[in-house]
Amino acid sequence: MLLSIRKMFKRLITFIIALLILVLLCGIIVTTFFPLGFSSHIVKYSEEYNLDPYLVAAVINVESKYDKNAVSHKEARGLMQISPKTGEWAAEELEIENYSKELLFDPEINIRIGSWYLNTLLKEFNQDINLVLAAYNGGSGRVNKWLLDERYCEDGVNLKVIPFKETEEYVEKVLKNYKIYKFLYKNGLNKTDDSSPVHISIIHNIRRMIKEAIKNL
């Protein structure tokens, strides 16, 4: 009888440990694909520019996967992938002193500029999130041209189709991320966190090391 109880106890302990490991692995997987960092800056500038912080979090994930040092092939920089041209325009409007494009790697500066730009696009496109995201990716001038083209827009207001596949996929991806972030972090964003998850930083550093190694081959 005592032996049977011991076996049951061992099985229970093994089950609990396995369950904890599974939960831990699920947490790591989720935060790898949908990480959240620099939330204090996200909350701060979302409030300042009247944005949903989950939307900003989603844009950051799609743009850079929370890599503050990310640089695109078009030279867009940082978390929200701000182009040097947009950065200069924003720095002038926001009166950022001693601005240089290297400041776009600063998480707070980058999120401030990105949030300001999203707010500017929301005003330009009458709060239409689809048009805003299309403009964030493809440029507001291009979106305005699409709105005047009967092939893509019938009423001058709503796009029935986005002619650029990359932009169309971008809008869909951000909107999906937006829903996921609202679900995963529904209890709110941490207003005191100004860093990124450690394992995310490690992943980005490994990626950079691999890229450098490939370049030097």
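Here the structure is a predicted model, which means the values were calculated and not measured.
- In terms of the side-chain contact (heavy atoms from CB on, under 4.5 Å) criterion, residue partners of Glu168 (sequence neighbours excluded) are, by chain and number, Ile162, Lys165, Glu172.
- Taking 4.5 Å as the limit, every side-chain heavy atom of Asp128 sits out of range of all side-chain heavy atoms of Val132.
- Under the 4.5 Å side-chain heavy-atom criterion for Ile, Leu, Val, Met, Phe, Trp and Tyr, Trp146 and Val161 are members of the same hydrophobic cluster.
- Note that NE2 of His41 and OG of Ser115 are 11.0 Å apart. Values are rounded to the nearest 0.5 Å.
- For the residue pair Val174 and Ala58, the shortest heavy atom distance occurs at O-CB, 3.8 Å.
- Using a 30° and 60° split on the angle between ring planes, Phe38 and Tyr66 fall in the parallel class, below 30°.
- Val157 places none of its side-chain heavy atoms less than 4.5 Å from the side chain of Leu147.
- Considering OH of Tyr185 and CZ of Phe34, their distance stands at 9.5 Å, rounded to 0.5 Å.
- At least one donor-acceptor pair closer than 3.5 Å links the side chain of Asp67 to the backbone N or O of Asn69.
- Within the 4.5 Å cutoff, the side chain of Ile113 has no heavy atoms near those of the Leu103 side chain.
- Although no hydrogens or angles enter the test, the distance criterion places a donor-acceptor pair under 3.5 Å between the side chain of Tyr181 and the main chain of Pro35.
- Sorted by first and then second residue, the side-chain hydrogen bond (donor to acceptor under 3.5 Å, both in side chains) pairs with a member in residues 130-142 read Asn137-Thr167; sequence neighbours excluded.
- For CG of Asp149, the number of neighbouring non-hydrogen atoms (other residues, nucleotides, ligands) closer than 6.0 Å is greater than 12.
- In this structure, the side chain of Ser46 engages the main chain of Ile42 through a donor-acceptor pair within 3.5 Å.
- Around CG of Asn126, the count of heavy atoms belonging to other residues, nucleotides or ligands within 6.0 Å does not exceed 12.
- When every heavy atom of Gly78 is checked against every heavy atom of Ser64, the shortest pair comes out as O-CB, 3.6 Å.
- In the hydrophobic clustering, where aliphatic and aromatic side chains (Ile, Leu, Val, Met, Phe, Trp, Tyr) are joined below 4.5 Å either directly or transitively, Phe105 groups with Val71.
- Contacts of Asp52 classified as salt bridge (Lys or Arg N to Asp or Glu O under 4.0 Å), with partners at least two apart in sequence or in another chain: none.
- Separation of atoms CD1 (Ile60) and NZ (Lys68) is listed at 13.0 Å; rounding is to 0.5 Å.
- Side-chain atoms of Trp116 and Glu48, non-hydrogen and from C-beta on, never get closer than 4.5 Å to each other.
- You'll find the side chain of Leu184 stays beyond 4.5 Å of the side chain of Leu36, heavy atoms only.
- Within the 3.5 Å criterion, the main-chain N or O of Lys173 finds a donor-acceptor partner in the side chain of Asn177.
- Residue pairs meeting the salt bridge (Lys or Arg N to Asp or Glu O under 4.0 Å) criterion with at least one member in residues 70-92, sequence neighbours excluded, are Glu75-Arg77.
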Quiz item: Run the side chain to side chain contact (heavy atoms under 4.5 Å, CB included) check on Asn50 and Leu122 step by step: do they pass?
Solution: CA-CA 10 Å; Asn50 196 30; Leu122 281 166; over 6 Å; no
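- Side-chain atoms of Asn61 come within 3.5 Å of backbone atoms of Phe33 as a donor-acceptor pair (strictly under, hydrogens ignored).
- In this structure, Leu121 and Val143 have side chains that are not in contact, with every pair of non-hydrogen atoms separated by 4.5 Å or more.
- The number of heavy atoms from other shown groups lying within 6.0 Å of NZ (Lys179) does not exceed 12.
- Atoms CD1 and CD1, on Ile96 and Ile109 in that order, are 4.5 Å from each other to the nearest 0.5 Å.
- Judged by a 6.0 Å distance limit and a 45° cone about the ring axis, Lys182 is positioned over the six-membered ring of Tyr178.
- Applying the side-chain hydrogen bond (donor to acceptor under 3.5 Å, both in side chains) test to every pair with at least one member in residues 99-111, sequence neighbours left out, gives these pairs: Lys44-Glu108, Tyr45-Glu108.
- No path of Ile, Leu, Val, Met, Phe, Trp and Tyr side chains, each step under 4.5 Å between heavy atoms, connects Phe125 with Leu148, placing them in separate hydrophobic clusters.
- Under the 4.5 Å side-chain criterion, counting only non-hydrogen atoms from C-beta, Phe164 is not in contact with Tyr170.
- Atoms CD1 and CE, on Ile111 and Met80 in that order, are 7.5 Å from each other to the nearest 0.5 Å.
- Side chains of Asn144 and Glu124: a donor-acceptor N/O pair is present below 3.5 angstrom, by distance only.
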